[in-house]
Structure formats: C-alpha cells, structure tokens
K.L.:
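Pasting a structure below so you can have a look.
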Amino acid sequence: MGIEKLHLEDALEDSPQTRSLLSVFEKDAMTLKKYTTGLHNCCQRIMKAQNELCAATQSLSQHLRDFEIQKFPLESDDSVLSSTLKQFSSYLDDVSSIQQVLSAQFSETMMYPLSRFLQADLEEVTTLCEMYQIASNEHDSAMNRYMRLPKKKESERQKSEYNEELYLMRKKFHQTSLHYYSSLNALQYKRKCSLLEPVMGYLHAQRAFFQMGQDAVGKKEIEDFLNNISTSVQGVQQELQTETKKTVELIDSLEQQSAHLYHAEPMVDMPYIPPNTTLTQKAGYLYVRSKQLIATKWERCFFFTVGGNLMSQARDELAGSLVLDLNEPGVLAEPHESDDRRFVFQIVSPKNKRNVVLQAENEREKDEWICTLNNIVRESGYVKGKGGGPQAKPKERTSSSSSMSKPGSGSVSPDQASISSMSSTGAVPKTPAPTPSSSFVADAPIQFDLLTPTSQNGGVAPSLPGPPNPEPRINPFDQSANEVLDTLDSAIDNSTFVESFVVRFLGSMEVTTDRGEKLVHETMRQIMAARAIHNVFKMTESRLVVSSEAMRLIDPATNTLRTTFALADISFWAAHPENTRLFGFITRTKPPGATNSTFSCHVFECNISAEEICQAIGTATKLAFQALMQRKLPPGVGKEKKAMEKIQQVKTREKNILLQNIQQLEDAPEDEEDSLHNLPLSPDGKYLVLTAADESEDGMESGDLSQPMEKLTVESMQQPISDSFDTEDVEPESEA
C-alpha cells in the first residue's frame with residue numbers, strides 16, 4: 001500500500017477538498033507528535049534507570065570494599081568474609097564499567113535519533129502549520145480588499161495597490177503551502193525511521209552489553225569462585241541449622257533448669273533448697289538503700305565479691321566500683337530490719353563507721369550472702385597483717401549457681417591448686433575451654449591463681465632468707481610491681497647464672513603436646529578470654545628466679561617459696577607476638593605410677609619485655625645442658641681438656657710478651673740501636689734467646705703442666721673410654 005500524499009499542484013487552488021485532506025494530515029501529525037513524546041519519555045526513563053543502576057553498582061562495590069575498614073568487635077582483621085567481599089567488589093567494578101558503556105550506547109543509539117525527530121521534524125511541522133494559517137488569513141484579507149474596489153476611474157491607483165498586495169499575499173501563501181505540504185508528506189516517511197531507530201539502538205546496545213558481560217563475568221575463575229562461595233554458604237547454612245537446633249534444645253533445657261528461679265520466693269510445692277554456707281565468692285543483683293534528704297531510696301545494682309572486696313556495678317557501667325573493703329577489722333554481715341522490707345541484711349564496718357543495707361530476693365539468697373561475706377572476713381588470706389604469712393591456711397573456694405558459674409558451661413575456680421600440682425586428685429570442677437581445639441584436653445580446668453604449696457602432711461614450705469613484707473598488697477586492682485628482693489636462698493648461691501623478675505600469674509591449663517608456639521599463644525588467648533568471661537580480676541604477683549639449677553616462684557610478701565620448676569621439665573617457652581608483657585612455658589609432669597606424662601602451659605605477665613625472660617630461660621637451660629654433658633664425660637677426658645686449656649693459656653701469654661717486645665723494638669730511639677744489636681740471638685739469627693731469669697720464670701709457670709700432661713697422655717692411652725656412656729641421658733630436655 002502506498003503512502004498518502006498531499007498534491008502540491010492543488011496548493012494554490014486551495015479547494016475545500018484540499019483543505020479537508022490537509023486537516024487529516026494535520027491531525028495525523030499532531031497524534032504522531034503526542035505518541036513520539038510519550039516514547040521519548042519512556043526511553044528517557046530507561047536512560048535514567050541505566051545511569052542509576054551504574055551509580056548503584058559503583059556504590060555497592062565501594063560499600064563492600066569498606067567492610068575491611070569497619071571495626072566490628074566480633075570480627076577478626078584477617079577474616080575470610082572481608083577478603084571475599086573485597087573480591088566481589090572487584091567483579092562489581094567490572095560490571096559497573098560495562099554498565100557505563102551500555103549507558104553511553106543508549107544515549108547515542110536510542111535517545112539521539114528520537115530527540116532529533118522531535119526537535120527537528122515535528123517542531124518544523126508545527127511551525128509551518130502556524131505560518132500556513134497566518135499566510136492563509138493574510139491572503140483572504142487581501143482578496144477581500146481587492147474585491148471591494150468600486151467601478152470609478154478615480155480609483156485606478158488604489159486598484160493597482162490592492163492588486164499588488166494580493167499578488168504578494170497569494171505568492172506567500174502559495175510558497176508556504178508548498179513547504180507545508182512537502183513537510184507533511186515527508187513526515188510520513190520519517191515516521192517509520194524515527195520510531196524504529198530508537199528501539200533498534202536499544203536492542204543493539206543490549207546485545208553488545210550482554211556480549212561484554214559474558215566476556216567479563218563468564219570467566220572460568222569467576223565461575224569457580226562463585227561455586228566455592230556457594231558451597232561455603234551452603235555449609236554455613238547447614239551449620240546454622242544445626243546450631244539453631246542445638247540452641248532450641250539448649251533453650252528448652254535452660255527453661256526447665258531455671259524453672260525454680262523464676263519465682264523470687266519459692267512456692268510451697270517446690271522442693272526446699274538449703275543455702276550454701278561455704279561460699280567465698282558470690283555475685284548477683286541486690287537492692288541497696290541510699291539516704292536522700294527526707295527519705296530513703298532503694299536501687300537495684302549488681303554486686304560481686306573479688307579479692308576480699310565487695311563491688312557494685314550498674315547496668316550502664318563498664319567496670320565495678322568498690323562498695324566496702326571486707327578486710328577491715330570488725331566487718332560483719334547480719335540480718336537487719338529496715339523500712340518494712342523483707343530479706344534485708346546489713347554489713348557493718350566499725351572502722352569506717354558505715355553500714356551498707358542490702359535486700360535480697362528471698363530468704364535463701366539473704367542467708368547465702370551473709371554467710372559468703374562472713375566467710376570472706378574470716379579468711380586468713382584477706383586479713384591485713386596476716387594474709388599470706390607462713391602459717392596461712394590455703395583457702396578452698398567453691399562455686400554456686402548464682403555466683404561465678406553459668407548453666408551448661410561449668411565453673412572456673414580461681415584458686416584450685418599450686419602450679420606444681422596441676423594433676424592433683426582433688427575435686428576440681430571441669431570447665432571447657434572457651435574455644436576448644438585439638439591441642440587442649442577436653443574439659444580441662446583453668447587455674448587462675450597460685451597458693452602457697454603445702455606438703456602431704458599439712459606442713460608449710462620453708463621461707464627463704466629475708467624479711468617478710470609487713471604490708472602485703474591486697475587490692476586486686478593495684479598491680480604495681482614491688483621491688484625485687486636481693487636476697488636469694490642458698491640453693492642458688494652456687495649457680496653459674498641467676499636472674500630475677502617480677503611476674504604475675506594469669507593462669508594455666510593442661511595441653512596435649514609439649515611444644516609449639518601457636519599452642520602457647522592459643523593458651524594465652526583462652527586464659528585471657530576466660531578471665532574476661534568470669535570477671536576474674538585478681539592476679540598473684542611473684543618473684544621469678546631463673547637460675548642454671550631451676551626456676552622458682554617466690555612470694556614477695558613473705559619471701560616464701562611458692563613452687564619450683566626443674567629445667568628438665570620445661571619443654572618449651574615463648575612470648576606473645578603482640579603483647580610484649582605476656583609469656584608462657586610448657587612443663588611436663590609424670591605422676592607416680594603413670595605411664596605417660598601430662599603437659600601444662602603456664603601464662604604470666606611481667607613489667608618488662610617478655611623476650612628478656614625467654615632469653616634468660618634459654619640461657620639457663622643451655623648452661624644446665626652443658627653442666628649435664630660435663631657430668632656425663634669420663635674422668636680422663638675432663639682432665640685432658642683442662643690441661644689443654646692450661647697450655648693454651650700459657651701459649652697465649654708468651655705470644656703477648658713477644659708482641660710487646662716487638663713493639664718496644666719499633667719504638668726504640670736511634671741511639672739505642674747499638675744496644676739492641678747486642679741482644680743474644682740464636683746461631684741462625686732468627687730467634688731471641690731468653691735470659692736465665694726468664695727461663696726460670698717460665699719454667700715455674702709451665703713446669704707444673706709437664707708431669708700432669710705425661711700422666712694424662714699415658715692414662716688416656718691406657719684407659720679406654722667406657723662403652724657404657726649413655727647418650728640418651730645427654731639429650732636436652734628444654735628448647736626454645
């Protein structure tokens with residue numbers, strides 16, 4: 001079917017049929033302009049969406065890259081998630097680049113043709129339509145004026161003017177009509193091109209985009225990366241499902257176990273639970289009374305005991321504050337009647353003339369708090385002037401469900417046994433490590449404190465020489481180091497190497513192997529985490545004496561020996577890679593009757609660099625190994641070695657004398673050269689003959705070596721080395 005056209009030959013005639021056909025073309029042009037405007041808006045929307053998608057992809061990539069600079073409290077710096085998100089951001093940068101190319105292609109192949117059609121062609125038709133209407137109106141006016149001319153001859157001039165005006169208006173109308181008709185006819189052809197070009201450009205741009213995307217994102221390495229991430233995500237989801245199942249079971253178990261704790265005061269039908277009167281540590285919420293101007297106020301706070309002090313901590317506080325020092329003389333906890341409230345007790349401190357009035361939830365809690373506070377007061381280790389003395393009885397602490405233990409996780413007892421008796425058979429509650437691994441014994445206890453060791457019959461370890469400290473430090477938060485005492489016991493007086501350091505014991509736990517730097521570092525991390533979880537603030541300060549005989553921990557307050565580590569039992573030691581004040585070492589212990597040895601890792605904190613202590617331990621073990629090797633050598637070998645060292649010393653002395661004589665010869669003045677020529681020389685002139693006095697002096701020094709050397713030579717030739725020399729005993733037991 002052909003395209004409809006306006007006949008240009010009919011433009012001048014301007015018949016009603018032509019006018020009717022022209023109105024059809026004008027209506028079609030207006031409808032086309034309206035439709036094209038809507039199409040332009042749709043394409044403009046696509047363009048904006050593409051630009052927004054490109055900007056959003058760039059923002060997403062940058063946001064993924066910013067993950068590694070975020071300070072997540074529970075996320076490690078070298079986490080796999082950070083590196084994975086960084087890799088994703090690099091791939092998103094490639095996608096964003098391709099999207100930018102697609103946006104540029106949309107602008108060139110889709111938006112430009114459509115905008116040109118609207119602004120050039122359709123606007124031209126609209127302008128010509130207005131000009132056609134104006135020319136038509138002017139032509140009609142000129143025609144009307146010309147047709148109204150009279151028949152009189154006097155109007156010839158006016159006739160000529162009107163005729164010329166009609167000529168100009170008809171010519172203008174004809175020219176405008178021709179341009180207008182031709183534009184409307186051309187619009188029928190441009191309609192097909194201008195509407196198809198934007199859509200065709202859109203599809204071409206999308207095809208190029210997908211092709212570039214396939215080349216950029218369809219790589220083998222990206223496919224492998226996505227497969228690995230998908231597998232990892234599926235594994236994490238499975239772990240989450242398993243953990244969710246365990247959590248639900250744990251929640252049900254905790255709800256059942258805690259059913260009797262929901263009631264502040266136990267119901268009548270519940271079984272009676274007597275209070276534990278042997279506690280020496282306790283923590284929980286209590287109401288404390290404070291006096292206002294005209295009334296009293298009761299506030300709920302968290303109270304806990306640590307180091308012989310009663311501490312309190314509000315919910316919005318990061319650390320506890322001291323309420324009362326229980327070491328003061330005369331401190332007493334007793335029931336009290338106050339403000340018509342139940343379960344009230346008070347702590348009386350005569351020295352400070354202060355009464356702390358507290359309220360518990362029920363009678364059992366009140367009795368346990370009273371007994372715990374009075375037990376702490378009666379503890380000899382917390383009484384000033386007596387704590388830590390030679391006759392101090394080691395305290396035994398137990399934990400309750402409301403003190404330092406958590407349901408389902410066991411409890412950690414700070415004071416369990418001395419560091420030399422980690423394998424004791426006493427009742428020690430087992431506590432799993434915060435993050436158990438294959439290097440640690442399952443349910444191994446963590447020991448947080450040191451006690452003065454007692455013998456099997458109840459005796460106390462003897463004190464070392466030196467005056468005791470009259471005022472032992474009791475405040476657990478005062479961790480300033482005391483000056484190291486200079487007096488050492490007689491056991492290390494004969495040691496070839498002795499160094500002393502002030503250390504604080506952080507904890508120890510049993511491990512499965514006897515060496516490994518990562519094992520020591522992981523033990524440090526678990527002990528520090530356990531201290532933070534269980535709010536253990538107290539640290540036992542000791543004087544670590546490292547000698548070529550053994551390592552000793554001495555109480556600086558009483559100068560009492562706490563424990564001794566034989567160098568042969570120390571298998572490994574290391575310092576913390578980041579915290580230069582932490583170090584630890586592993587010891588091996590073989591209980592009587594046992595076939596296999598057990599290993600324990602002990603962690604300490606010091607005021608100096610831990611590397612210095614590790615170097616001291618290495619030097620001590622090296623000297624101890626050399627001494628062990630010396631004791632294992634046969635008797636003859638030792639004498640011969642000493643004789644050779646003596647001969648070497650004599651040769652060194654003669655060499656030094658000769659060098660001094662040569663120096664004197666070089667510095668001698670010219671007037672003394674004749675006297676130097678008179679020195680006695682050997683017949684060949686190569687050697688200087690010593691005087692009789694020098695020979696006698698040298699003979700006295702070297703004469704005592706001739707006879708022993710002859711004897712040693714004969715003895716070494718006559719006496720063979722014993723075949724029973726056991727090389728296994730010489731193997732070093734400690735290494736760094």
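One is the number of the first residue; the rest follow in order along the sequence.
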K.L.:
Once you round to the nearest 0.5 Å, how far does CG of L279 lie from CG of N374?
P.N.:
12.5 Å
K.L.:
Measuring only between side-chain heavy atoms, which start at C-beta, is S253 closer than 4.5 Å to Q257?
P.N.:
yes
K.L.:
Indicate whether the side chain of N375 and that of T372 have a donor and an acceptor atom separated by less than 3.5 Å.
P.N.:
no
K.L.:
Does T564 reach the side chain of M551, with side-chain heavy atoms less than 4.5 Å apart?
P.N.:
no
K.L.:
Would you mind reporting whether Q359 and W298 have side-chain heavy atoms less than 4.5 Å apart?
P.N.:
yes
K.L.:
Could you pull out all residues at least two apart from E611 that satisfy salt bridge (charged side-chain N to carboxylate O under 4.0 Å, His left out)?
P.N.:
none
K.L.:
Between atom OG of S312 and atom CG of L322, what is the distance when rounded to the nearest 0.5 Å?
P.N.:
8.5 Å
K.L.:
Can you find a side-chain donor-acceptor pair between S321 and E317 that sits under 3.5 Å?
P.N.:
no
K.L.:
Compute the ring centroids of H602 and F585, then answer whether they are less than 6.0 Å apart.
P.N.:
yes
K.L.:
Looking at K282, is its backbone amide N or carbonyl O close enough to the side chain of T305 to form a donor-acceptor pair, meaning the two atoms are under 3.5 Å apart?
P.N.:
yes
K.L.:
Give me the atom names and distance for the closest heavy-atom approach of I586 to V520.
P.N.:
CD1-CG2, 3.9 Å
K.L.:
Of the non-hydrogen atoms in V511 and T513, which two are nearest, and what is the gap between them?
P.N.:
CG2-O, 3.3 Å
K.L.:
A550 and A566: which non-hydrogen atoms are nearest, and at how many Å?
P.N.:
CB-CA, 4.4 Å
K.L.:
A side-chain contact here means heavy atoms from C-beta on lying under 4.5 Å apart; do V288 and F303 qualify?
P.N.:
yes
K.L.:
Donor-acceptor pair, S230 side chain versus L226 backbone, under 3.5 Å?
P.N.:
yes
K.L.:
Any donor-acceptor pair under 3.5 Å linking the side chain of R562 with the backbone of L553?
P.N.:
no
K.L.:
Using the side chain to side chain donor-acceptor pair (under 3.5 Å) criterion, which residues pair with E334? Sequence neighbours excluded.
P.N.:
Q346
K.L.:
With side chain to side chain contact (heavy atoms under 4.5 Å, CB included) as the test, would you mind laying out the steps for M509 and Q447 before giving the verdict?
P.N.:
CA-CA 6 Å; M509 62 184 299; Q447 178 176 321; over 6 Å; no
K.L.:
Quick one: do K297 and E299 make a salt bridge, cutoff under 4.0 Å?
P.N.:
yes
K.L.:
Does CD in E578 sit with more than 12 non-hydrogen atoms of other residues, nucleotides or ligands closer than 6.0 Å?
P.N.:
no
K.L.:
Cut-off 3.5 Å, side chains only: do D66 and Q62 have a donor facing an acceptor?
P.N.:
yes
K.L.:
Within the 4.5 Å heavy-atom criterion, are L332 and V377 side-chain neighbours or not?
P.N.:
no
K.L.:
Does some side-chain heavy atom of V331 sit less than 4.5 Å from a side-chain heavy atom of V348?
P.N.:
no
K.L.:
Which pair of non-hydrogen atoms, one from N596 and one from K590, has the smallest distance, and what is that distance?
P.N.:
O-CG, 4.3 Å
K.L.:
Counting distance only, does the side-chain N/O of R543 pair as donor-acceptor with the main-chain N or O of D555 below 3.5 Å?
P.N.:
no
K.L.:
So, do F501 and I608 sit near enough that their side-chain heavy atoms are less than 4.5 Å apart?
P.N.:
yes
K.L.:
Is any side-chain heavy atom of I370 closer than 4.5 Å to a side-chain heavy atom of P335?
P.N.:
yes
K.L.:
Should the heavy atoms of other residues, nucleotides or ligands under 6.0 Å from CD of E337 be counted, would the total exceed 12?
P.N.:
no
K.L.:
Closer than 4.0 angstrom, basic N to acidic O: yes or no for E522 and R525?
P.N.:
yes
K.L.:
Carefully, step by step, assess H576 and F583 under the rule side chain to side chain contact (heavy atoms under 4.5 Å, CB included).
P.N.:
CA-CA 6 Å; H576 196 278; F583 73 97; over 6 Å; no
K.L.:
Would the distance check show the side chain of S83 and the main-chain N or O of V80 forming a donor-acceptor pair, the cut-off being under 3.5 Å?
P.N.:
yes
K.L.:
Stepwise, does the side chain to side chain contact (heavy atoms under 4.5 Å, CB included) test hold for D569 with F599?
P.N.:
CA-CA 10 Å; D569 295 335; F599 308 102; over 6 Å; no
K.L.:
At their closest point, which heavy atom of N362 faces which heavy atom of E265, and how far apart are they?
P.N.:
CB-CA, 4.2 Å
K.L.:
Looking at F572, I'd like to know if the NZ or CZ of R588 sits under 6.0 Å from its six-membered ring centre while staying within 45 degrees of the ring's axis.
P.N.:
no
K.L.:
I'd like to check the side chain to side chain donor-acceptor pair (under 3.5 Å) partners of K518; sequence neighbours left out, ordered by chain and number.
P.N.:
none
K.L.:
Within this structure, what is the CG-CG distance for the pair L358 and L324, rounded to the nearest 0.5 Å?
P.N.:
9.5 Å
K.L.:
What I want to find out is whether E363 reaches R342 closely enough, with some N-O distance under 4.0 Å, to be called a salt bridge.
P.N.:
no
K.L.:
Please check: side-chain N/O of S232 versus main-chain N/O of N228, any donor-acceptor pairing under 3.5 Å?
P.N.:
no
K.L.:
Could you tell me the separation between the OG1 atom of T278 and the CD atom of E368, rounded to the nearest 0.5 Å?
P.N.:
9.0 Å
K.L.:
Dump the intermediate steps for side-chain hydrogen bond (donor to acceptor under 3.5 Å, both in side chains) on R289 and T296, then the final yes or no.
P.N.:
CA-CA 7 Å; R289 188 184 70 176; T296 58; 5.7 Å; no
K.L.:
Roughly how far, to the nearest 0.5 Å, is CD of E541 from CG of N607?
P.N.:
7.0 Å
K.L.:
Between SG of C601 and CG of D514, what distance do you get to the nearest 0.5 Å?
P.N.:
11.5 Å
K.L.:
If I compare all heavy atoms of M311 with all of V306, which pair ends up nearest, and what's the gap?
P.N.:
CG-CG1, 3.5 Å
K.L.:
Within 45° of the six-membered ring axis of F302 and under 6.0 Å from that ring's centre, is NZ or CZ of R315 located there?
P.N.:
no
K.L.:
Of W573, F505, F565, which is the lone residue that meets ring-ring contact (aromatic ring centres under 6.0 Å, His included) with F604?
P.N.:
F505
K.L.:
Before giving the answer on side chain to side chain contact (heavy atoms under 4.5 Å, CB included), spell out for R581 and R504 the whole-Å C-alpha distance, their side-chain angles and the decisive distance to 0.1 Å.
P.N.:
CA-CA 10 Å; R581 298 175 59 187; R504 288 176 290 278; 3.0 Å; yes
